[in-house]
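It should be emphasised that the depicted structure is a prediction, and the values quoted were computed from it without experimental measurement. In this chain, residues are counted from 1 in sequence order.
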Amino acid sequence: MANILPTHILPTSSKLSTGLAGVVGFISFVLSPGAFAVSCDFQNGDVFTEICGYVEAGGVQTGGQLKLHVSSTTPRFSVNIRRAGNDNENLLSTSLDGAGNYGANSYTQLNWGSAYPISIPSNWTSGIYEVNFNNDRGNYPEFVAIKAAQPGSHSKVLVLDSLPTKIAYSPIGGKSFYGFNSTNGQATPQLGMERPTGRGQWTEHRDFAGWLDREGIDYEAASMMDLHRDPSLLSHYNLVILVGHNEYWSKEMRDNWDNYLAGGGNAAIFSGNTMWWQVRFSEDSKQMICYKNAAADPLYGTDNSRVTTNWFSPPIDRPENLSIGVSFRHGGYHNYTENGVQYYVTNGTNDDGSNGGFKVADASHWAFEGTGLTNGSIFGRVSGIAGYEVDGALFRIVNNQPVVTGEDGTPLNFQILATTPAYAVNSPSNVPGVVYNNYNGQGWGTLGLFKPSTNSGTVFVAPTIDWAEGLHEVPVARITKNVINQLKSRTATSPSSSNSSGNGNVSDSEGTPVSTPVSTPVSTPVSTSPQSVAQTSSGGGGSFPLTSLLMGLIITFGLKIRRKQKQLTTN
């Protein structure tokens with residue numbers, strides 16, 4: 001449960017003397033048990049009590065601005081920005097002032113002061129970037145996809161983030177789309193997009209993007225929100241990559257994805273539990289809505305194509321298998337425990353050696369070239385890449401080979417290249433773990449590839465959240481390279497069509513979402529090249545100045561109001 005903390009102290013009258021204001025400020029802080037703490041608890045062991053921040057909703061691109069909001073126990077802090085990957089150096093460093101110590105007391109609109117705009121140099125390369133907030137007591141990393149101002153100008157390979165999914169799981173403000181990390185165990189159907197997401201949600205993107213850089217594989221990045229807003233975005237690329245956990249999609253996102261594939265674009269899915277829920281957004285893209293119950297959604301019976309429930313469920317009736325070849329309902333979990341019983345645990349009961357990894361079904365395929373794998377070989381088990389959620393297609397065994405049935409909407413040309421056992425907790429049978437019309441009557445993760453239609457591009461599917469964690473294993477890395485090299489060029493020449501349905505968002509003539517201007521002028525740090533730049537600036541939240549002085553005095557004289565929580569490193 002997130003703590004509700006007071007915002008920064010303000011004098012009750014502009015005529016208060018400095019001494020009286022100091023006394024009022026001191027008493028207020030002493031009486032507030034959480035006054036010195038920033039409440040940024042992600043309910044997963046990741047707790048930040050000194051500084052936390054988020055990125056303002058809206059597109060972020062090279063040559064544009066990154067608008068940051070921060071809550072800090074000190075008014076002065078710094079921001080360091082680098083490309084994702086632990087071994088990448090800072091490209092921009094700036095010192096800022098005026099931060100307030102805000103409470104995480106709203107899951108729809110945090111309002112952590114006015115924005116700190118950071119100018120993104122136009123000569124930076126599009127990619128996934130880490131934004132690290134630091135004060136003299138701690139730090140907090142947030143991540144962002146910086147889109148190319150001219151999409152496709154550096155690379156024809158695009159990596160999409162999964163921002164809606166990261167926001168869906170974030171409990172900052174007290175609520176998420178899940179009861180397990182929401183106050184009183186009650187989830188909410190509406191969340192603000194302007195909230196911290198937590199570094200744990202970005203592990204797969206950080207690892208995958210860092211690996212691409214180390215391997216010298218050029219790529220660009222964009223947000224799923226860019227895909228939501230811009231029907232033409234994907235047309236600039238030959239290969240679009242999904243990574244990690246990309247669970248929540250709007251109708252606009254899916255329509256634009258489908259149109260891109262139909263126009264000859266290729267895709268590589270290194271992601272599990274993909275395209276599971278439909279969501280929709282407010283016109284300014286600052287609110288995300290997902291009822292997860294069709295009957296509870298106000299649009300039910302009015303616009304069934306936008307009802308926020310599972311894609312395969314009524315009234316949408318649009319199975320995700322049509323777009324990605326697989327579904328979580330026929331896959332499930334690796335290493336799952338329910339009522340004390342373990343299912344598909346590595347080295348556990350009935351483990352045939354494949355739990356946590358994939359077993360090769362067709363080693364002759366180009367995806368396995370240079371791996372040394374043969375039929376029946378297991379790869380990725382050491383890292384447990386088959387987890388923690390995997391997706392699958394219904395199949396049967398024909399001549400010792402897995403062959404899709406197509407009953408679930410998976411195109412019949414889907415070729416299964418490898419499989420992994422999974423606990424189908426969301427099985428259509430309503431009996432957890434049991435999938436009656438699947439091979440062996442259970443859940444499976446199915447790695448393979450297909451074409452959504454005869455003239456479409458090719459979609460490769462490694463349907464697991466944890467794929468990127470195995471990139472240090474030679475076979476996993478080689479398969480990933482093979483896929484990128486094979487699909488980075490289009491085989492179809494027909495142009496990608498646009499989604500004519502519109503997205504309902506307010507935008508300017510160039511398609512850029514219009515947001516409310518920042519009300520308080522702030523100095524903008526600018527870096528003209530991707531080198532480490534040290535700068536100073538003031539602005540942002542503007543907390544009561546005597547607060548900082550009192551905090552310093554209290555610390556100096558050893559008055560301890562609370563026990564500091566141990567800060568986690570930013571590995």
Side-chain angles (χ1 to χ4, degrees), residues 203-204 207 243-245 269-274 276 325-363 365 367-368 371-397 400-404 416-429 431-448 460-480:
T203 300
E204 304 297 330
D207 291 351
V243 179
H245 195 182
I269 300 173
F270 303 102
S271 167
N273 193 210
T274 303
W276 186 238
V326 290
S327 172
F328 181 61
R329 59 194 160 132
H330 299 135
Y333 292 98
H334 158 66
N335 195 16
Y336 183 79
T337 300
E338 185 172 277
N339 297 324
V341 179
Q342 294 181 321
Y343 298 90
Y344 305 115
V345 176
T346 303
N347 296 322
T349 304
N350 299 323
D351 182 5
D352 66 353
S354 64
N355 289 4
F358 282 91
K359 180 183 289 187
V360 177
D362 184 4
H365 195 271
F368 297 121
T371 63
L373 297 171
T374 59
N375 285 353
S377 294
I378 311 296
F379 65 91
R381 177 179 165 95
V382 173
S383 302
I385 65 169
Y388 52 96
E389 295 175 332
V390 298
D391 303 333
L394 294 176
F395 70 94
R396 62 182 184 275
I397 298 297
N400 295 320
Q401 290 294 315
V403 178
V404 299
I416 297 177
L417 303 179
T419 60
T420 188
Y423 186 76
V425 69
N426 290 106
S427 170
S429 70
V431 180
V434 177
V435 185
Y436 293 124
N437 53 341
N438 208 12
Y439 173 66
N440 205 38
Q442 66 177 67
W444 292 91
T446 52
L447 181 151
F460 176 87
V461 188
T464 171
I465 289 177
D466 293 340
W467 181 271
E469 296 184 18
L471 286 171
H472 64 278
E473 294 188 40
V474 174
V476 178
R478 182 57 188 266
I479 292 168
T480 309

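Taking the side chain as every heavy atom from C-beta outward, P463 and S271 never approach each other to under 4.5 Å. Within the 4.5 Å cutoff, no side-chain heavy atoms of T446 are placed close to those of L417. Side-chain contact between L447 and V461 is absent, with no heavy atoms from C-beta onward closer than 4.5 Å. Side-chain contact between F358 and T419 is absent, with no heavy atoms from C-beta onward closer than 4.5 Å.
Taken to the nearest 0.5 Å, the CD atom of E389 stands 4.0 Å off from the CD1 atom of I465. To the nearest 0.5 angstrom, T349 atom OG1 is 11.0 Å from Y343 atom OH. The line from CZ of F395 to CG of N437 is 11.5 Å long, rounded to the nearest 0.5 Å. For the atom pair CD (E338) and OH (Y333), the distance works out to 10.0 Å, reported to the nearest 0.5 Å. Residue D352 holds its CG atom at 4.0 Å from NZ of K359, rounded to the nearest 0.5 Å. Atom OG1 of T337 and atom CD of Q342 lie 4.5 Å apart (nearest 0.5 Å).
Using modelled atom types and a 3.5 Å distance limit, the side chains of N440 and R396 yield no donor-acceptor pair. Between the side chains of T464 and D466, no donor-acceptor pair is found at a separation under 3.5 Å. Side-chain contact check for H330 and N438: no donor-acceptor pair (N or O, by modelled atom type) lies under 3.5 Å.
Across every non-hydrogen atom of D391 and T274, the tightest pair is OD2-N, 3.1 Å. Here the closest non-hydrogen pair linking R329 and N426 is CB-O, 3.7 Å. Closest of all the heavy-atom pairs between G443 and A424 is CA-CB, 4.0 Å. The two atoms that bring W467 and E204 nearest to each other are N-OE1, 4.2 Å, heavy atoms only. The minimum heavy-atom distance between I416 and P402, with the atom names listed, is CG2-CG, 3.7 Å. Here the shortest heavy-atom pairing between V390 and G445 reads CG2-CA, 4.0 Å.
Of the possible polar contacts, one joining the S427 side chain to the V434 backbone as a donor-acceptor pair under 3.5 Å is found. N339 places no side-chain N or O within donor-acceptor distance of the main-chain N or O of V341, the cut-off being under 3.5 Å. With hydrogens and angles disregarded, a donor-acceptor distance shorter than 3.5 Å links the side chain of N375 to the backbone of A363. Q401 contributes a side-chain N or O that, together with a main-chain N or O of A361, makes up a donor-acceptor pair within less than 3.5 Å.
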Apply side chain to side chain contact (heavy atoms under 4.5 Å, CB included) to the pair F368 and F379, showing each step before the final yes or no. CA-CA 11 Å; F368 297 121; F379 65 91; 3.9 Å; yes
Assess the residue pair T371 and I479 against the criterion (side chain to side chain contact (heavy atoms under 4.5 Å, CB included)); give the C-alpha distance rounded to whole Å, side-chain angles, the decisive distance to 0.1 Å, and a yes or no. CA-CA 7 Å; T371 63; I479 292 168; 3.9 Å; yes
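Evaluation of the side-chain contact (heavy atoms from CB on, under 4.5 Å) rule for S383 yields I385, H472, E473 as partners, not counting sequence neighbours.
Exactly one residue among N347, T420, T346, N355 makes a side-chain hydrogen bond (donor to acceptor under 3.5 Å, both in side chains) with R381. That residue is N347. Across Y344, Y423, Y439, F328, a single residue satisfies ring pair (Phe, Tyr, Trp, His ring centres under 6.0 Å) together with W444, and that is Y439.
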